Amino acid sequence: MINDEYFLAALRLAAGNDPIPSHVSAAARDVYGLRVPRARTAGPVECAGVRRSSGTRDDDGSHVMRFVTGGLTFDLEMTVGDGLIDVAGQVVPHPGEGTLVDVKTPHLTLTTRITHNGQFAATGLPPGWVSVVCHRPGHVPVQTMWVRIRP
């Protein structure tokens with residue numbers, strides 16, 4: 001050890017703190033990697049127009065949720081079948097030409113263009129955490145909060 005390492009070890013002992021375990025640091029780096037820089041976050045809202053906006057599973061195994069932020073609304077229906085998740089959604093109002101939508105999981109991102117009425121779909125996602133990011137030309141991205149979908 002060099003003098004700096006002795007000094008840091010002495011400070012840790014004096015403070016009564018143990019070093020952070022390496023798996024905790026790795027998990028923090030993984031979570032930090034899931035963020036979208038400068039993105040605004042759309043939060044979940046209750047709405048009578050959506051069958052269930054709280055993410056409760058419907059009889060057919062689908063989850064219907066609405067997320068809203070600063071002028072954009074995401075209506076998402078997530079269906080679990082054969083152990084995989086299918087996401088069908090709509091962004092209103094139409095965010096403009098050239099808009100791309102990322103449907104993200106911690107291990108996979110599917111990118112798609114939206115249709116003329118703001119609809120999009122992604123299929124075959126692994127069960128677990130899901131978020132949708134809308135990339136509009138000339139605007140900051142808008143990302144829904146992460147939701148956990150279980151089979």
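All heavy atoms count here, side chains included; hydrogens, waters and symmetry mates do not. Positions are given from 1, in the same order as the sequence printed here. It should be emphasised that the depicted structure is a prediction, and the values quoted were computed from it without experimental measurement.
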In sequence, state the C-alpha distance, the side-chain angles, and the governing distance for Asp102 and Thr111, and then conclude on side-chain hydrogen bond (donor to acceptor under 3.5 Å, both in side chains). CA-CA 4 Å; Asp102 291 340; Thr111 301; 2.7 Å; yes
For residues Ala122 and Leu110, report the shortest heavy-atom separation together with the two atoms involved. CB-CD1, 3.9 Å
What pair of heavy atoms forms the shortest contact from Val68 to Arg66, and how long is it? CG2-CG, 4.0 Å
Please tell me if the side chains of Thr99 and Cys134 come closer than 4.5 Å, counting only heavy atoms from C-beta onward. yes
Show, in sequence, the C-alpha distance, side-chain angles and deciding distance for Phe74 and Val142, and conclude whether the side chain to side chain contact (heavy atoms under 4.5 Å, CB included) test is met. CA-CA 10 Å; Phe74 295 78; Val142 177; 3.6 Å; yes
Return each pair, listed once, that meets side-chain hydrogen bond (donor to acceptor under 3.5 Å, both in side chains) where at least one residue sits in residues 31-43; pairs must be two or more places apart or across chains. Tyr32-Arg35
So, do Arg150 and Pro127 sit near enough that their side-chain heavy atoms are less than 4.5 Å apart? no
Does some side-chain heavy atom of Ile149 sit less than 4.5 Å from a side-chain heavy atom of Val147? yes
Donor-acceptor check, side chain of Thr144 to backbone of Val132, threshold 3.5 angstrom: yes or no? yes
Working note: Met78 + Met65, criterion side chain to side chain contact (heavy atoms under 4.5 Å, CB included); need CA distance, chi angles, decisive distance, verdict. CA-CA 8 Å; Met78 301 187 197; Met65 291 169 268; 4.0 Å; yes
Please tell me whether Trp129 and Leu84 are part of a single hydrophobic cluster in this structure, the criterion being side-chain heavy atoms less than 4.5 Å apart. no
Taking all heavy atoms of Met145 and all of Gly43, pick out the closest pair and write down the distance. SD-CA, 3.9 Å
Only pairs at least two apart or in different chains count here, so list each side-chain hydrogen bond (donor to acceptor under 3.5 Å, both in side chains) that has a residue in residues 82-96. none
Does the side chain of Leu108 come within less than 4.5 Å of Leu125's, by heavy atoms? yes
Are any of the side-chain heavy atoms of Val103 and Phe120 separated by less than 4.5 Å? yes
List the steps, then state whether side chain to side chain contact (heavy atoms under 4.5 Å, CB included) holds for Leu34 with Trp146. CA-CA 10 Å; Leu34 294 175; Trp146 288 85; 4.0 Å; yes
Do Ile85 and Thr79 have side-chain heavy atoms sitting under 4.5 Å apart? no
Taking C-beta and beyond as the side chain, do Arg113 and Leu100 meet within less than 4.5 Å on heavy atoms? yes
Please test Leu72 against Val91 for side chain to side chain contact (heavy atoms under 4.5 Å, CB included), starting from the C-alpha separation and ending with a verdict. CA-CA 7 Å; Leu72 279 185; Val91 180; 3.8 Å; yes
If you look at every heavy atom in Gly89 and Leu76, which pair is closest and at what distance? CA-CD2, 4.1 Å
Rounded distance [0.5 Å steps], CD in Gln119 versus CG in Asp75: 10.0 Å
